[in-house]
*Asks:* 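So that we are looking at the same thing, I have put the structure below in structure tokens.
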Amino acid sequence: MMTSTTLDAPAAKPLLSWYDRHHRDLPWRVSPPMAARGIKADPYHVWLSEVMLQQTTVPAVKPYFANFLARWPTVRDLADAPSEDVMAAWAGLGYYARARNLKKCAEAVAGEHDGVFPDSEDGLKSLPGIGDYTAAAVAAIAFNRQAAVMDGNVERVISRLYAIATPLPAAKPLMKQKVALLTPKDRPGDFAQAMMDLGATICTPKRPACSLCPFNGSCEALRLHDPERFPVKAAKKEKPIRQGAAFIAVTADGDVLLRRRIESGLLGGMTEVPTTGWTARQDGETSANAAPFLAAWEPCGAVTHVFTHFELRLSIYRVAIPSRIQVDNGWWEPVTNLESQALPTVMKKAITAAIPLAFKHAKD
DNA sequence: CAACCGTGGGC
DNA sequence: TGCCCAAGGTT
């Protein structure tokens, strides 16, 4: 039997054929059988899902996507919504700049584009929160444009197909070239989604199922018997630890003191309980003198929360007072209303440490 | 370009 | 259990 060391160049056809048989059914997706019945993708749905899916898993996005569409069926509805409502609806999904930009983008589309999304990559990329990936994805999926869509999945597939040894992110331009050469004029949206489905279900980071891959006859990494070696990434940096304290004040009526964080930076625009600054460890005392008002603050444990680039250790203090006290930049919210507030996960953890039953599905 | 920016699930 | 990772964008 003859063996060959040369591989056929990958082609889009086998991937699209694989996608027709093995595509995932997702709430925001017009799958091939639906497309065959003449159903078109709604750019608003595509855009909303793509923004939610930035660095976020499909299972995490599904309930948020359904809730957003139920509350704001069109991009104009979202543009007209109060920011507080949008931030509250986004709470728990993370990367809150996405929610702020989502609102700005909806306002731009509604106000400057007659409620119609631009149908070109350039037009889309000029909108808030839409970068290289999302512009290409919306252009391809919603508008059938021959755009080269490259996300983390595609990077992994491409890096393996061509055994690209250059580390990310330096290898991105080369990878994008390869994607552009592979992207077909026909069904570019399905091709993009197929590449992502392939990366999510077959060409996985660990233990890829190469025997099931439509590219297994033309994958250089597989030929080298080491697909997991790709993509090569730069070493990660160590996560520093920061400390602080959080203060949960409750009135006899069951109201909790809340504040709004500034618009920019970490958890920007979200709701919080009063806290100290979060600084690199300053031995022991996490100053209870930074409390929102003078009272007999009682320590009630600690909360650890891991952010993208640091670990936070919050000392929790609580106090029960007879009635509301006027506090600058703060307001009192009934405990029964906390569920509807724009509270990020770390704040729910802090509140739960002081008021165990504050949230119905609170963790211990 | 590198730092910043959340969260939850899987192994 | 700690680490890796998931449909990235902005500054």
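Throughout, a chain's letter reflects where its sequence line sits, starting with A, and its residues are numbered from 1. None of these values were measured; they are calculated from a predicted model.
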*Asks:* Taking the ring of A/Trp90 and the ring of A/Phe68, is the distance between their centroids below 6.0 Å?
*Replies:*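 Between A/Trp90 and A/Phe68, which both carry aromatic rings, the centre distance is below 6.0 Å.
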*Asks:* If you compare every side-chain N and O of A/Gln55 against the phosphate oxygens of C/dG8 (OP1, OP2), does one of them come in below 4.0 Å?
*Replies:*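 Yes, A/Gln55 has a side-chain N/O under 4.0 Å of OP1/OP2 on C/dG8.
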*Asks:* Can you check the A/Met52 CE to B/dG8 P distance for me, whole Å?
*Replies:* 15 Å
*Asks:* Find which nucleotide of DNA chain B each of A/Pro169 and A/Gly265 is nearest to by heavy atoms, and output the residue with the more 5' nucleotide.
*Replies:*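 Comparing both residues, the 5'-ward one is A/Pro169.
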*Asks:* Mind running side chain to side chain donor-acceptor pair (under 3.5 Å) on A/Tyr133 and A/Glu50 for me, showing each step along the way?
*Replies:* CA-CA 9 Å; A/Tyr133 163 76; A/Glu50 290 302 342; 2.6 Å; yes
*Asks:* Are A/Phe359 and A/Leu258 linked, directly or through other ILVMFWY residues, by side chains that come within less than 4.5 angstrom of each other?
*Replies:* yes
*Asks:* Under 4.0 Å: is that the gap between some side-chain N or O of A/Arg156 and OP1 or OP2 of C/dA6?
*Replies:* yes
*Asks:* Looking at A/Tyr162, does the NZ or CZ of A/Lys178 lie under 6.0 angstrom from its six-membered ring centre and within 45 degrees of the ring axis?
*Replies:* yes
*Asks:* So A/Thr74 and A/Asp77, side chain to side chain donor-acceptor pair (under 3.5 Å) or not? Walk me through it.
*Replies:* CA-CA 5 Å; A/Thr74 71; A/Asp77 296 323; 3.0 Å; yes
*Asks:* Between the base of B/dG6 and the side chain of A/Thr56, is there any donor-acceptor pair under 3.5 Å?
*Replies:*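 Indeed, a donor on one side and an acceptor on the other fall under 3.5 Å apart.
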*Asks:* Run A/His305 and A/Phe307 through ring-ring contact (aromatic ring centres under 6.0 Å, His included) and show every step you take.
*Replies:* CA-CA 6 Å; A/His305 190 78; A/Phe307 290 102; 4.8 Å; yes
*Asks:* For A/Val306, which contact category applies under a 4.0 Å heavy-atom criterion: base, sugar-phosphate, or nothing?
*Replies:*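 Base, at least one base atom sits under 4.0 Å.
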*Asks:* Please state whether the phosphate of B/dC5, meaning OP1 or OP2, lies under 4.0 angstrom from any side-chain nitrogen or oxygen of A/His309.
*Replies:*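 Checking A/His309 against B/dC5: at least one side-chain N or O falls below 4.0 Å of OP1 or OP2.
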*Asks:* Output yes when at least one side-chain N/O atom of A/Lys236 is less than 4.0 Å from OP1 or OP2 of C/dC5, else no.
*Replies:*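 So the side-chain polar atoms of A/Lys236 do come within 4.0 Å of the phosphate oxygens OP1 or OP2 of C/dC5, strictly under.
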*Asks:* Which part of the nucleic acid, if any, lies within reach of A/Gly92 when heavy atoms closer than 4.0 Å are counted: base, sugar-phosphate only, or nothing?
*Replies:*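 A/Gly92: backbone/sugar contact only, no base atoms under 4.0 Å.
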*Asks:* Has A/Tyr96 got a side-chain N or O lying under 4.0 Å from the OP1 or OP2 atom of B/dT7?
*Replies:*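 Yes.
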*Asks:* Measure from the side-chain heavy atoms of A/Leu266 and tell me the nearest of C/dC5, B/dC5, B/dT7.
*Replies:* B/dC5
*Asks:* Give one of base, sugar-phosphate or nothing for A/Arg29, where a contact means two heavy atoms less than 4.0 Å apart.
*Replies:* base
*Asks:* Could you tell me whether the phosphate oxygens of B/dT7, OP1 or OP2, come under 4.0 Å of any side-chain nitrogen or oxygen in A/His305?
*Replies:* yes
*Asks:* Heavy atoms only, 4.0 Å cut-off, all strands: where does A/Lys206 land among base, sugar-phosphate and nothing?
*Replies:*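 If one applies the 4.0 Å heavy-atom cut-off, A/Lys206 turns out to touch nothing in the nucleic acid.
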*Asks:* Applying a 4.0 Å non-hydrogen cut-off, can you work out what A/Leu312 is touching in the nucleic acid: base, sugar-phosphate, or nothing?
*Replies:* nothing
*Asks:* Using a heavy-atom cut-off of 4.0 Å across all strands, would you classify A/Pro128 as base, sugar-phosphate, or nothing?
*Replies:* sugar-phosphate
*Asks:* At 4.0 Å (heavy atoms only), tell me whether A/Thr134 reaches a base, stays on the sugar-phosphate, or touches nothing.
*Replies:*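 Touches sugar-phosphate only.
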*Asks:* When the C1' atoms of B/dC5 and C/dA6 are considered, how many whole Å apart are they?
*Replies:* 15 Å
*Asks:* Between B/dT7 and A/Thr57, is there an OP1 or OP2 to side-chain N/O distance shorter than 4.0 Å?
*Replies:* no
*Asks:* Name the nucleic acid region contacted by A/Arg207, choosing base, sugar-phosphate or nothing; use a 4.0 angstrom heavy-atom cut-off, strictly under.
*Replies:*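 Nothing, no heavy atom under 4.0 Å.
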*Asks:* Is A/Pro344 touching bases, backbone alone, or none of the nucleic acid, heavy atoms closer than 4.0 Å?
*Replies:* sugar-phosphate
*Asks:* Determine the interatomic distance between P on C/dG9 and the same-named atom on B/dG8; round to the nearest Å.
*Replies:* 22 Å
*Asks:* What is the nucleic acid contact for A/Leu267, judged by heavy atoms within less than 4.0 Å: base, sugar-phosphate only, or nothing?
*Replies:*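 Sugar-phosphate only.
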*Asks:* What is the nucleic acid contact for A/Trp90, judged by heavy atoms within less than 4.0 Å: base, sugar-phosphate only, or nothing?
*Replies:* nothing
*Asks:* Return the nearest nucleotide to the side chain of A/Gln54; candidates are C/dA6, C/dG9, B/dC5.
*Replies:*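 Comparing C/dA6, C/dG9, B/dC5 against the side chain of A/Gln54, the answer is C/dG9.
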